[in-house]
Amino acid sequence: MDENKKTGIGSRIILALTLLFFYFPIFYIIVFSFNDSRSLTKFSGFSLRWYEKMFSDANMMQAVIYTVLIALIATAVSTVVGTVTAIGLSKSSKVLTALVERVNDLPVMNPDIVTAINLLMFFSVLAVKKGFLTMLLAHIMFCIPYVMLSVTPKLRSLDPNLIEAAMDLGATPFQALTRVIVPQIRPGIISGALIAFTMSFDDFVISYFTTGNGVNNISILVYTMSKRVNPSINALSTIVILLITVVLGIVNLIPILHERRMKRR
Amino acid sequence: MKQFRSMTYPYVAWISVMIVAPMLLIVLYAFTESGNEVLTFRFTLENFVRFVTDRVFLSVLWRSLYIALVTTLICVLLGYPIAYVIAQLPGRSNTTMILLITMPTWVNMLVRTYAWMGILKDDGVFNAILSLFGIGPVPMIHTSFAVILGMVYNFIPFMILQIHTSLDKMDKNLLNAAADLGADRVHTFLRVTLPLSLPGVVSGITLVFLPAVSSFFIPKLLGGGQYVLVGNVIESQFLTSGDWNFGSAISLIMAVIIMLSMYFTRKLDVSVASGGKE
């Protein structure tokens with residue numbers, strides 16, 4: 001395919017329609033979050049009243065805090081545990097590796113709702129009170145397999161003699177791990193952590209079934225509030241969109257900036 | 001290397017408790033009678049019999065499969081040309097377009113579905129536009145159209161990305177070779193591009209069909225209370241009617257259907273891949 005070939009008019013139309021389809025609902029939410037009235041069809045003037053209402057709504061603020069808190073803790077725990085386990089498995093027998101991978105497949109492949117009710121029943125049978133802790137445990141559970149899926153390929157492409165070499169040169173196993181292996185697989189760890197964060201941040205189904213005691217995240221709140229027209233949801237959604245865009249922007253900018261710095265050197 | 005091997009023990013313990021035990025629990029519940037004490041199980045197939053003999057539940061299952069199939073079909077028919085056009089773009093706009101398509105998927109699925117509620121309402125934006133032409137209001141929300149639209153919107157990026165990846169990986173020299181050998185564009189597409197991109201289509205199909213068949217908030221928000229799919233039945237068994245044994249049986253049926261379809265698409269994937277190489 002020659003690079004200079006002009007993009008045809010038909011292709012341009014397809015691309016434009018695609019972007020329109022994907023972004024129309026998102027712009028719609030953003031625009032109407034600034035609407036002066038309750039209407040979702042007529043834009044009657046610019047106002048920030050729904051943002052004011054959102055910030056003064058204790059339920060909404062609490063949901064935002066829970067969502068971010070759970071996403072941060074779940075990401076931290078699942079990144080550490082997932083990375084450590086993946087490294088351990090790369091030095092373990094094939095049988096154990098295959099076994100763990102098959103079990104990890106269950107939450108990845110199973111529909112969310114099946115995983116969710118598995119946990120719901122499990123917590124109830126153990127008579128654990130559902131709330132913040134159960135939701136956090138559930139999030140850690142479904143995040144770890146994704147971290148491992150992103151770290152394991154990096155480990156496979158690692159020279160197996162690297163650790164032996166480090167330890168022959170006098171490194172303790174812990175030093176070999178933190179000074180040799182982890183820096184080599186850093187890109188895998190970072191993308192794993194990013195996937196874990198967004199999976200946790202966006203989760204609805206599993207959170208919905210494993211929470212209780214008035215602990216809600218943003219998704220659950222949107223679900224329960226969506227039955228009536230409530231423009232504060234638009235304001236909340238706009239902030240979520242903004243947050244995700246900023247995080248994604250930073251993540252996509254880092255490699256570019258890094259490359260430039262390397263070039264300058 | 002013993003130190004490294006022992007690093008896996010905590011996680012093995014963790015998955016035994018958090019993944020394996022709950023899975024076994026659901027199997028246990030699916031095959032036992034409701035209301036009995038934990039220590040005196042009474043095994044039964046009643047829960048499964050109830051599902052397969054009840055007209056209502058069967059029609060729910062068929063509707064779920066039907067909606068998921070239609071969604072998947074639309075995603076292939078729309079997603080393929082989109083992925084194809086993007087793959088033809090020169091380097092930088094190619095990556096930019098893929099980033100632009102990925103971006104919305106990072107925004108909460110519930111938030112995106114909620115946006116469509118406002119758009120599709122009887123007094124929503126679509127009907128407001130239609131009324132400018134003197135049409136309507138056309139009922140859109142709480143119809144199959146709304147549910148399928150919501151599912152296509154949420155899941156088509158997976159299809160586009162999968163097909164795009166396989167088109168992008170393709171050796172471009174093959175196209176030149178085909179042209180040199182006298183094939184026109186249509187033949188090149190049908191004989192070279194299409195077969196080589198089929199693995200992407202197959203994995204795209206799994207990534208769309210699976211969430212579509214089990215989705216429960218898209219039908220609930222866009223289909224209204226009366227539009228019941230399998231996911232909604234499971235939800236109500238656990239959260240309102242409280243029949244866990246029956247709910248477990250339905251979940252197990254769904255899990256088996258999904259595992260089977262995964263198995264067959266993987267087999268198909270392998271045969272497609274090897275067929276392409278020969």
Side-chain angles (χ1 to χ4, degrees), chain A residues 1 3 7 11 14-15 18-19 21-26 28-29 32 40-41 81 84-85 87-89 91-92 96 100 103-104 106-107 109-114 117-122 125 137 141 144 163 173 198 201-202 204-205 209 218-219 222-223 226 233 237 240-241 244-245 248 252, chain B residues 1 3-8 11-12 15 18-23 25-26 29 81-82 85 88-91 97 99-101 103-104 106-112 114-119 121 123-125 128 172 175 210-211 214 216-217 221 231 234-235 238 244 247 251 254-255 258-259 262:
Chain A
M1 211 129 312
E3 293 274 311
T7 311
S11 304
I14 290 180
L15 292 178
T18 308
L19 290 182
F21 177 61
F22 279 127
Y23 284 91
F24 179 66
I26 291 173
Y28 174 81
I29 282 192
F32 278 91
L40 286 171
T41 38
V81 175
V84 166
T85 311
I87 294 172
L89 281 181
K91 300 286 164 201
S92 301
L96 183 68
V100 172
V103 176
N104 267 352
L106 285 173
M109 308 276 189
N110 258 335
D112 277 353
I113 193 167
V114 173
I117 57 158
N118 278 351
L119 290 168
L120 165 84
M121 286 168 56
F122 181 65
V125 164
L137 286 175
M141 186 279 276
I144 293 176
I163 300 177
T198 47
F201 194 85
D202 283 352
F204 164 65
V205 179
F209 283 94
I218 296 175
S219 305
V222 172
Y223 182 71
S226 62
I233 297 182
S237 307
V240 171
I241 293 166
I244 290 285
T245 315
L248 270 187
N252 280 297
Chain B
M1 293 289 112
Q3 304 94 323
F4 289 100
R5 239 164 271 160
S6 62
M7 282 162 47
T8 60
Y11 188 63
V12 171
I15 50 176
M18 290 294 288
I19 302 178
V20 178
M23 198 71 212
L25 197 65
I26 205 175
Y29 263 88
I82 295 172
V85 168
Q88 308 289 310
L89 292 171
M97 267 309 288
L99 186 67
L100 283 175
I101 291 196
M103 288 274 272
W106 298 72
V107 174
N108 203 310
M109 214 176 256
L110 230 93
V111 166
R112 286 181 284 150
Y114 168 76
W116 279 108
M117 279 177 78
I119 297 169
K121 271 188 183 148
D123 55 351
V125 177
K172 302 291 187 293
L175 300 180
L210 299 191
S214 65
F216 84 95
F217 62 83
L221 294 185
I234 297 177
E235 183 205 1
F238 280 91
W244 287 15
S251 320
M254 193 160 78
I258 289 204
M259 293 295 171
M262 293 286 275

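Keep in mind it's a predicted model, so treat the numbers as computed, not measured. Numbers restart at 1 for each chain; the letters A, B, ... are given by sequence-line order, proteins then strands.
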Value rounded to 0.5 Å, distance of CZ in B:Phe217 from CD in B:Glu235:
11.5 Å
Look at A:Ile218, A:Ile233, A:Asp112, A:Leu96 and state which one has the largest set of heavy-atom pairs under 4.5 Å with chain B.
A:Ile233
Residue among B:Leu110, B:Val125, B:Val111 with most heavy-atom pairs under 4.5 Å to chain A:
B:Leu110
Please state whether the side chain, the backbone, both or neither of A:Val81 comes within less than 4.5 Å of a heavy atom of chain B.
side chain
Heavy-atom distance under 4.5 Å to chain A: side chain of B:Pro211, backbone, both or neither?
neither
For A:Lys91 and B:Arg5, which heavy atoms make the closest approach, and how far apart are they?
O-NE, 3.1 Å
Between the CD1 atom in B:Ile101 and the CZ atom in A:Phe22, the distance rounded to the nearest 0.5 Å is 5.0 Å
Taking every non-hydrogen atom, the tightest pair across A:Pro173 and B:Phe4
O-CZ, 3.9 Å
Heavy-atom distance under 4.5 Å to chain A: side chain of B:Ile258, backbone, both or neither?
side chain
Give, as side chain, backbone, both or neither, the part of B:Val12 having an atom under 4.5 angstrom from any heavy atom of chain A.
side chain
Interface moiety of B:Met23 toward chain A, non-hydrogen atoms closer than 4.5 Å:
both
Region of A:Thr85 that comes under 4.5 Å of a non-hydrogen atom in chain B:
both
Under 4.5 Å from any heavy atom of chain B - which part of A:Leu89
both
Once ring pair (Phe, Tyr, Trp, His ring centres under 6.0 Å) is applied, do any residues pair with A:Phe122, and if so which ones, sequence neighbours excluded?
none
Is the centre of the A:Tyr223 ring less than 6.0 Å from the centre of the A:Phe204 ring?
yes
Using non-hydrogen atoms only, which part of A:Phe201 is less than 4.5 Å away from chain B: side chain, backbone, both, or neither?
backbone
Report yes if the side chains of B:Leu210 and A:Met109 come closer than 4.5 Å at any heavy-atom pair, otherwise no.
no
Greatest number of heavy atom pairs closer than 4.5 Å to chain B - which of A:Thr198, A:Val205, A:Ile14, A:Ile117
A:Ile117
Interatomic distance, A:Tyr23 atom OH to A:Thr18 atom OG1 [nearest 0.5 angstrom]:
11.5 Å
Per-residue contact mode, B:Leu221 against chain A (heavy atom under 4.5 angstrom):
side chain
Most contact-rich option vs chain B, by heavy-atom pairs under 4.5 angstrom, among A:Ile113, A:Leu106, A:Ile26, is A:Ile113
Measure distances from B:Met254 to the heavy atoms of chain A and classify the residue's part below 4.5 Å as side chain, backbone, both or neither.
side chain
How close do A:Ile29 and A:Ser237 get, heavy atom to heavy atom, and via which atoms?
CG2-CB, 3.7 Å
